[in-house]
Amino acid sequence: MAILIIAEHNNQSLKSETLKVVQAATAIGGDITVLVAGFNSAAAATEAAAIAGVTKVLHADNAAYEHQLAENIAALVTELGKDYSHILAAATTTGKNFLPRVAAMLDVAQISDVIAIESADTFVRPIYAGNAIATVKSADAIKVLTVRPAAFGEAQTGNNAPVETLTAVHDAGISSFVAQELTKSERPELTAARVVISGGRGMQNGENFALLNGIADKLGAAIGASRAAVDAGFVPNDMQVGQTGKIVAPELYIAVGISGAIQHLAGMKDSKVIVAINKDAEAPIFQIADYGLVADLFTVLPELEQQL
Amino acid sequence: MKILVPVKRVIDYNVKVRVTADQSGVDLANVKMALNPFCEIAVEEAVRLKEAGSATEIVVVSIGTTAVQEQLRTALALGADRALHIETDQNLDSLQVAKLLAKVVADEQPGLVILGKQAIDSDNNQTGQMLAALTGMGQGTFASKVQLADGKVQVTREIDGGLQTVELSLPAVVSTDLRLNEPRYASLPNIMKAKKKPLDVKAADSFGVSLSSNVTVLKVVPPATRQGGVKVESVAELVDKLKHEAKVI
């Protein structure tokens with residue numbers, strides 16, 4: 001078995017999702033090669049070489065890969081991927097973007113959002129927004145998988161795998177990067193945070209999300225939101241937790257003013273401890289919360305911040 | 001310019017999903033079905049581009065049994081001009097769907113393909129990317145804004161860290177995210193008019209595409225249920241429980 005993992009990084013550093021994909025790959029078993037494709041991304045390649053269990057790092061450094069354009073990354077991965085039994089990437093917006101393109105070019109299926117590895121050809125994944133869990137078996141020569149990071153732990157570090165530089169450049173020439181607006185935050189990333197506090201429609205407006213700041217600071221938490229809060233324009237899209245937003249599984253998830261639509265539950269119900277604060281005692285969120293507090297969030301939040 | 005919009009018939013998003021007793025899948029008997037929400041957004045975007053004068057014709061296509069004609073009529077009522085039903089009673093995976101759509105692209109030569117980023121049943125999020133690969137087109141996935149100009153399309157994409165804008169040569173594939181637009185409701189006159197719009201039917205096996213997949217579903221089970229917990233009376237009690245019982249803070 002030979003596994004190729006496409007690293008998730010921002011050119012300067014590796015994202016924690018990559019460590020989780022390596023952890024998933026060790027459950028398959030076999031040599032693990034990590035591809036770091038980027039631009040001025042030597043630091044990320046060095047970090048990848050330090051992950052325990054990694055046999056080799058392939059480093060493709062070219063302007064064509066700087067912004068992870070699917071057309072260029074997929075061409076590179078397709079060429080390399082022919083020699084592997086498994087190709088894995090994180091089920092992030094980056095992995096979801098380029099990996100199906102790779103699978104189609106290799107004429108194999110992709111298995112999306114894998115949450116458990118049963119064997120080298122059998123995988124578990126949620127369907128219907130997590131309301132059903134499917135076990136699927138692939139007879140394809142190359143198994144192409146996106147792995148849900150929240151379902152796996154992080155691989156250890158402390159390795160020194162060899163880094164091989166790739167010189168071939170794949171620039172499909174049909175797409176180009178124009179701009180990006182990344183949300184700047186001092187807080188941990190939603191998908192990596194130990195504690196997440198999320199606000200919903202009950203927050204009433206964007207300004208009121210500031211009420212979550214003090215609590216997040218005290219708990220070292222990331223701040224999330226329900227789809228209703230994002231659709232209403234309270235907060236940007238990258239804060240959305242749910243079926244089509246980010247999937248999180250922190251130690252502690254605090255849902256504030258969130259009713260608990262299926263769509264939202266799909267993104268957070270694997271959290272270890274769930275707290276719900278909502279003034280509607282009938283809100284569905286209470287059916288899955290470990291601790292529910294039926295109260296007005298505008299009274300509770302300042303009190304909670306003070307008592308932490 | 002012609003816009004092709006592939007759409008899927010799925011379980012209505014309000015329906016509670018039940019796994020069948022034999023663990024073969026999800027019970028769809030007598031369940032309300034609907035146009036996949038992301039596909040509805042794709043149809044709406046195509047209609048808006050036509051209304052803005054950027055497109056001349058909107059063709060919708062769906063794959064499945066005769067039942068999918070209901071969703072094609074919905075798309076026609078929302079403003080699509082004509083429909084193609086690719087008939088099969090097989091359940092296809094994304095790769096087989098993408099291969100059939102690639103044949104439709106070759107026939108129809110659209111300037112733009114707009115489709116939903118994922119169907120809410122299989123949650124695959126693959127078809128658009130696979131279609132782009134098979135046809136050699138660029139892809140603008142998870143779109144929250146689409147702008148056409150000078151033979152190119154600029155797509156603003158919802159990514160994990162925020163927003164990214166890419167520019168693609170046409171023809172291109174765009175997959176829709178939730179905030180691209182708010183789909184309109186079909187008016188009664190438009191629903192009546194849709195019944196008279198052209199709807200062609202072609203057999204899936206007439207496309208010369210292998211419809212079999214190498215992936216088999218071994219079983220489908222309900223997710224592990226979470227036990228509802230306790231209600232606390234005050235913030236002080238909540239903080240105490242989190243510290244001493246759950247030990248997470």
Side-chain angles (χ1 to χ4, degrees), chain A residues 69-71 74 92-93 96-97 100-101 103-105 109-113 122 126-140 174-183 219 231 236-238 244 246 251-252 269 273 275 286-294 300 303-304 307-308, chain B residues 11 17 19 26 93-95 98 118 120-126 129-130 132-134 137-139 141-142 144 154 157-169 177-179 213-223 226 228-232 235-236 238-239 241-242 246 248-249:
Chain A
L69 291 173
E71 298 78 6
T92 56
T93 51
K96 289 173 183 176
N97 188 32
R101 202 172 169 103
M105 290 196 284
Q110 173 181 298
I111 298 174
S112 298
D113 256 321
T122 306
I127 53 176
Y128 292 88
N131 289 301
I133 306 294
T135 303
V136 299
K137 185 182 172 110
S138 168
D140 278 321
I174 50 175
S175 60
S176 57
F177 170 82
V178 177
Q180 65 186 8
E181 291 169 48
L182 298 184
T183 309
L219 294 174
D231 281 356
N237 66 278
D238 51 279
T244 61
K246 296 200 173 73
E251 297 272 301
L252 173 61
K269 67 184 165 56
V273 174
V275 170
F286 287 121
Q287 290 167 18
I288 64 147
D290 299 286
Y291 302 106
L293 179 55
V294 181
V300 166
E303 232 181 288
L304 181 59
Q307 293 194 22
L308 284 170
Chain B
I11 193 166
V17 171
V19 169
V26 162
D93 273 347
S94 300
L95 181 63
Q118 76 191 66
I120 60 164
D121 50 5
S122 58
D123 281 336
N124 274 336
N125 195 334
Q126 299 173 6
Q129 297 89 314
M130 287 182 159
L134 297 174
M137 289 195 256
Q139 63 188 54
T141 51
F142 328 141
S144 66
Q154 283 206 354
R157 310 176 50 237
E158 294 199 359
I159 59 170
D160 287 338
L163 296 170
Q164 181 193 56
T165 304
V166 294
E167 185 171 80
L168 311 168
S169 311
D177 216 317
L178 290 169
R179 281 162 285 273
S213 166
N214 283 331
V215 177
T216 44
V217 176
L218 300 181
K219 65 172 177 181
V220 176
V221 297
R226 249 194 117 90
V230 295
K231 291 260 170 68
V232 292
V235 171
L238 174 64
V239 172
K241 294 250 188 210
L242 291 176
V248 286
I249 59 171

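Computed from heavy atoms alone, side chains included, the values below leave out hydrogens, waters and symmetry copies. Note on naming: letters A, B, ... go to the chains in the order of the sequence lines (proteins, then strands), and numbering restarts at 1 for each one. These numbers come from a predicted model, not from an experiment.
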Looking only at heavy atoms and a cut-off of under 4.5 Å, which of Ala109(A), Ser176(A), Pro126(A), Ala132(A) has the most pairs with chain B?
Ser176(A)
Can you name the nearest heavy-atom pair linking Ile249(B) to Leu252(A), along with the distance?
CG2-CD2, 3.6 Å
Judged by atom type as modelled, is there a donor-acceptor pair below 3.5 Å linking the side chain of Arg226(B) to the main-chain atoms of Lys269(A)?
yes
Max heavy-atom pairs within cutoff under 4.5 Å with chain A, candidates Pro223(B), Gly228(B), Ala236(B), goes to Pro223(B)
From the list Ile133(A), Thr92(A), Val136(A), the residue making the most non-hydrogen contacts under 4.5 Å with chain B is Ile133(A)
For the atom pair CD (Gln164(B)) and OG1 (Thr93(A)), what is the distance rounded to the nearest 0.5 Å?
8.5 Å
Counting heavy-atom pairs under 4.5 angstrom with chain B, the leader among Val275(A), Leu69(A), Thr135(A), Ile288(A) is Thr135(A)
Considering non-hydrogen atoms only, spot the tightest contact between Val273(A) and Ala246(B) and give its length.
CG2-CB, 3.9 Å
Among the options Asp93(B), Val217(B), Val215(B), Asp177(B), pick out the one with the most heavy-atom pairs lying under 4.5 Å from chain A.
Val215(B)
Where the side chain of Glu167(B) meets the backbone of Val178(A), is there a donor-acceptor pair that is under 3.5 Å apart?
no
Distance check, rounded to the nearest 0.5 Å: Asp160(B) atom CG versus Lys96(A) atom NZ?
7.0 Å
Val220(B) and Ala134(A): which non-hydrogen atoms are nearest, and at how many Å?
CG2-CB, 4.1 Å
Would you compute the distance between atom CG of Asp238(A) and atom CD1 of Ile159(B) and round it to the nearest 0.5 angstrom?
8.5 Å
For a 4.5 angstrom cut-off between non-hydrogen side-chain atoms, does Tyr128(A) reach Ile120(B)?
no
Closest heavy-atom pair, Leu168(B) versus Ser175(A), reported as atoms and distance to 0.1 Å, is CD2-CB, 3.5 Å
Relative to chain B, which segment of Ala74(A) carries a heavy atom at a distance below 4.5 Å: side chain, backbone, both, or neither?
neither
Nearest 0.5 Å, what's the OG1-CD distance between Thr165(B) and Glu181(A)?
7.0 Å
Spacing of Gln129(B) atom CD and Glu71(A) atom CD [to the nearest 0.5 Å]
10.5 Å
Selection from Thr244(A), Thr122(A), Asp113(A), Val294(A) maximising heavy-atom pairs under 4.5 Å formed with chain B:
Thr244(A)
Taking every non-hydrogen pair under 4.5 Å, which of Val19(B), Ile11(B), Asn125(B), Val166(B) racks up the most with chain A?
Val166(B)
Is a side-chain donor or acceptor of Gln307(A) paired with a backbone partner of Val239(B) at a separation under 3.5 angstrom?
no
Option in Asp231(A), Leu308(A), Asp290(A), Val300(A) with maximal non-hydrogen atom pairs under 4.5 Å from chain B
Asp290(A)
Side chain, backbone, both or neither: which part of Ala98(B) has a heavy atom under 4.5 Å from chain A?
neither
Tell me, for Val221(B) versus chain A, whether the close heavy atoms (under 4.5 Å) come from the side chain, the backbone, both or neither.
both
I need the residue from Leu218(B), Leu95(B), Asn124(B), Asp121(B) with the largest number of non-hydrogen atom pairs under 4.5 Å to chain A.
Asp121(B)
Is it the backbone or the side chain of Val26(B) that comes under 4.5 Å from a heavy atom of chain A, or both, or neither?
side chain
Straight-line distance of Arg101(A) CZ to Leu134(B) CG, nearest 0.5 Å
9.0 Å
Please look at Leu238(B) and chain A and tell me whether the side chain, the backbone, both or neither of the residue comes under 4.5 angstrom of a heavy atom of that chain.
side chain
Where on Thr216(B) is there a heavy atom nearer than 4.5 Å to chain A: the side chain, the backbone, both, or neither?
both
Max heavy-atom pair count under 4.5 Å with chain B, selected residue of Asn97(A), Ile111(A), Ile174(A)
Asn97(A)
Where is the tightest heavy-atom contact between Asp123(B) and Ile127(A), given as atom of each residue plus distance?
OD2-C, 3.9 Å
Contact origin within Leu219(A) toward chain B - heavy atom pairs under 4.5 Å:
side chain
Heavy atoms only: give me the nearest Met130(B)-Pro100(A) pair and the separation to one decimal.
CG-O, 3.3 Å
For each of Ser144(B), Ser213(B), Ala132(B), tally heavy-atom pairs with chain A at distances under 4.5 Å, and name the one with the top tally.
Ala132(B)
Side chain, backbone, both or neither: which part of Lys246(A) has a heavy atom under 4.5 Å from chain B?
side chain
